[in-house]
Amino acid sequence: MFLLLLLLQLFLTGQSTAALFPPNNATTHSAALHACDQLQSSLGSSIVQTTGKEYQAGATNAWNLQNCQYQPTCIVFPRTSAHVQTAMKAIYSTGSHYAVQAGSHSAMKGWNTVQDGVLILFTYMKNVSYDPKTDSITLQPGIRWQEAVTALEPFGVAPVGGKDVGTGLLLGGGISFLSPSQGYAADNFKALDVVLVNGEMVTATASNKYSDLFRALKGGGNRFGIYNSSATEALLKATARYTREVNDPNAVLLVALNNIGGEFFSFAGMFYRGSELPAHIFGHFLSIPAVPCSPLNSTVCSPPPPLGPMSYLDVMATQGSENQRGSVQHFGASALDGADEDAYLAAFKHWSNFTATFKDEFALAGMAFTPIPESQVQAGRAKGGNVIAPPRGGWAAVQFGEEMKAGVKDVPSRVQKGLDLLFEQVPPSPRLPLYLGESDPQQKVFQSYGDYELLKQIYTKYDPTRFNMAHTQGPGGL
Ligand SMILES: Cc1cc2nc3c(=O)[nH]c(=O)nc-3n(C[C@H](O)[C@H](O)[C@H](O)COP(=O)(O)OP(=O)(O)OC[C@H]3O[C@@H](n4cnc5c(N)ncnc54)[C@H](O)[C@@H]3O)c2cc1C
Ligand SMILES: *[C@@H]1O[C@H](CO)[C@@H](O)[C@H](O)[C@H]1NC(C)=O
Ligand SMILES: *[C@@H]1O[C@H](CO)[C@@H](O)[C@H](O)[C@H]1NC(C)=O
Ligand SMILES: *[C@@H]1O[C@H](CO)[C@@H](O)[C@H](O)[C@H]1NC(C)=O
Ligand SMILES: *[C@@H]1O[C@H](CO)[C@@H](O)[C@H](O)[C@H]1NC(C)=O
Ligand SMILES: *[C@@H]1O[C@H](CO)[C@@H](O)[C@H](O)[C@H]1NC(C)=O
């Protein structure tokens, strides 16, 4: 059986949007130099690096090419949480800017790296273990989900995590193939070791004195086929219908529409924990004529795996590896009520206009739907609730993702304007939360949460000087 209790060493850091983030100046530059000097003498020059091969590899490790163009004043490679505490103490006392990087998959410019500041990189904190007595998994923040699932498979358990990205997923809530039965990935936290901005470490659980922080960290981010338009319409309608009607915790659906170099294709991943794909759940999808690969370019998709039993590792492998690097990446989010089928069709129409307008800019542009069933919302509430606090299930998290062509170093401003228009044209349905891990840095994600006011209060309590908001990039609104 899947087992789902997580103990994660997490480090609460700060937020603000790119636009609000104070620019670097002589003061912040010299603060970073002070922090790095201090840290090199206390932790040594292999844990705290300012140049060299490992430093360079660390500075250019990010998935989004834009986040490979920063030169942190130093990179801290902690081995233990005590190292992280030492680093945060120096960062706090010198007033240095800083950033934290786990699996490196943030699409948001500047969120997992820093110029003229200290970067904390979890390359050497990748332990994962399972304790059958407490039925819980302990993860360190540097592990990636593929590695965690592989290491835990012999025990017959799996973390409620993602595909091949890192533990940063948990900070936005995390949408897993196991979510319909277990809630958001973060709903499964048992205990979190949290280093506060001043370097103090606390362990937060649902019932101890840090229970407010525990709740805030469930969604609070680092603050703390073939073109056939009637087939596409059938796919969008089937997606809305599934989202509205299916409330079976054993069923998982992921629908993605992609435009690769002007060529359109779509993908529906259907998984069921049972012996077959029940027709009453997936029948509408299975009746849409599918072509396994593009007749124009057979490399853009692979034939679907044969229908049959798969291990959780096999399921993850259907999604491919997320390891490719070297392009500028961008995300944006919406959230659509399954009852509003027209909104699904309209979203596709606007996205099609967007991708047609900018097709020459993109190596790939996609729009994906992840249904959030009522069972997922209930599973989260039964586990103590999170700050995302969706009012109900029956809606889909919508992700827009764009990969720029090779050689492009930034999201061009005309494309960003097109994206801003797209977000206006495809707003979230009333009261539905945006998903942090798949949003544009300027979207008001925290403001869309059910427990936004509570999140603000908890932030103010744990970071009264607002150090994190002022010194590290991340979501705004706190
Ligand atoms: C190819 C791809 C597939 C994806 N699939 C899914 C999916 O299936 N489900 C899903 O829910 N999401 C998915 N996402 C979104 C994913 O949740 C986010 O990209 C997430 O931010 C990745 O976390 P990371 O650790 O890899 O990235 P990082 O860039 O290392 O971290 C992300 C953010 O969290 C901060 N952070 C990380 N660790 C810590 C820490 N210990 N303390 C404080 N701050 C920290 C970083 O500063 C950064 O702001 C996917 C993304 C990509 C690119
Ligand atoms: C430099 O930036 C810091 C905050 O990042 C700010 O407090 C300070 O006033 C700035 N100094 C100058 C000289 O602009
Ligand atoms: C992580 O694993 C290594 C190797 O097994 C071990 O030496 C180390 O103590 C572990 N660290 C923690 C924090 O458990
Ligand atoms: C396109 O999709 C529709 C709706 O599913 C289907 O009826 C039709 O046969 C498809 N056309 C082609 C050419 O495949
Ligand atoms: C097919 O697509 C791949 C990936 O986008 C691309 O590298 C390749 O050049 C394409 N081949 C043709 C014949 O268009
Ligand atoms: C299509 O997208 C372009 C680029 O964002 C925009 O200028 C135009 O107004 C859009 N058209 C419609 C009908 O939305």
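Along the sequence shown, residues are numbered consecutively beginning with 1. Just so it is clear, the structure is predicted and the values come from calculations on it, not from any experiment. Both ligands and their constituent atoms are indexed starting at 1 by order of listing.
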Which of these, [options], has its nearest heavy atom closest to [atom]?
atom	options	answer
atom 6 (C) of ligand 1	Q473, Q329, E438	E438
atom 24 (P) of ligand 1	G142, A62, G103	G103
atom 26 (O) of ligand 1	G166, A99, G110	G166
atom 16 (C) of ligand 1	A368, P475, G437	G437

Taking both backbone and side-chain atoms of [X], is any N or O found less than 3.5 Å from an N or O belonging to ligand 1?
X	result
S104	yes
P141	no
A102	yes

Under 4.0 Å from a heavy atom of [X]: give me the atoms of ligand 1 that qualify, with their elements.
X	result
F122	41 (N)
Q101	30 (O)
S106	27 (O), 28 (P), 29 (O), 32 (C)
Y435	10 (C), 11 (O), 12 (N), 17 (O)
V165	2 (C), 3 (C), 4 (C), 26 (O), 50 (C), 51 (C), 52 (C)
F331	51 (C), 52 (C), 53 (C)

Give a yes-or-no answer on whether the side chains of [X] and [Y] include a donor-acceptor pair shorter than 3.5 Å.
X	Y	answer
D116	H97	no
D440	Q416	yes
Y272	D248	yes
Q66	N64	yes
N386	Y449	no
Q182	D187	no
Y459	D463	yes
T60	R325	no
K383	N188	yes

Does N353, backbone or side chain, put an N or O under 3.5 Å from an N or O of ligand 6?
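Looking only at distances, the answer is yes, because the N/O contact criterion of under 3.5 Å is met.
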If the contact criterion is a heavy-atom separation under 4.0 Å, does A107 count as touching ligand 1?
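Contact check A107 vs ligand 1: negative.
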Please report whether atom 7 (O) of ligand 6 has a protein non-hydrogen atom at a separation of less than 4.0 Å.
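Answer no: nothing from the protein, no heavy atom, is under 4.0 Å.
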In terms of residue, atom name and distance, what is the protein heavy atom nearest to [atom]?
atom	value
atom 5 (O) of ligand 6	G418 CA, 3.6 Å
atom 9 (O) of ligand 6	L421 CD2, 4.0 Å
atom 4 (C) of ligand 6	T357 CG2, 3.6 Å
atom 14 (O) of ligand 6	Q425 NE2, 2.9 Å

With ring centroids as reference points, do F400 and F331 lie under 6.0 angstrom apart?
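Distance test on ring centres: not under 6.0 Å, no.
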Near-ring test Y344/F369, centroid separation under 6.0 angstrom:
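Yes, ring centres under 6.0 Å apart.
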In terms of heavy-atom contacts, does NZ of K405 have more than 12 from other residues, nucleotides or ligands at under 6.0 Å?
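Enclosed: over 12 neighbouring heavy atoms sit under 6.0 Å from NZ of K405.
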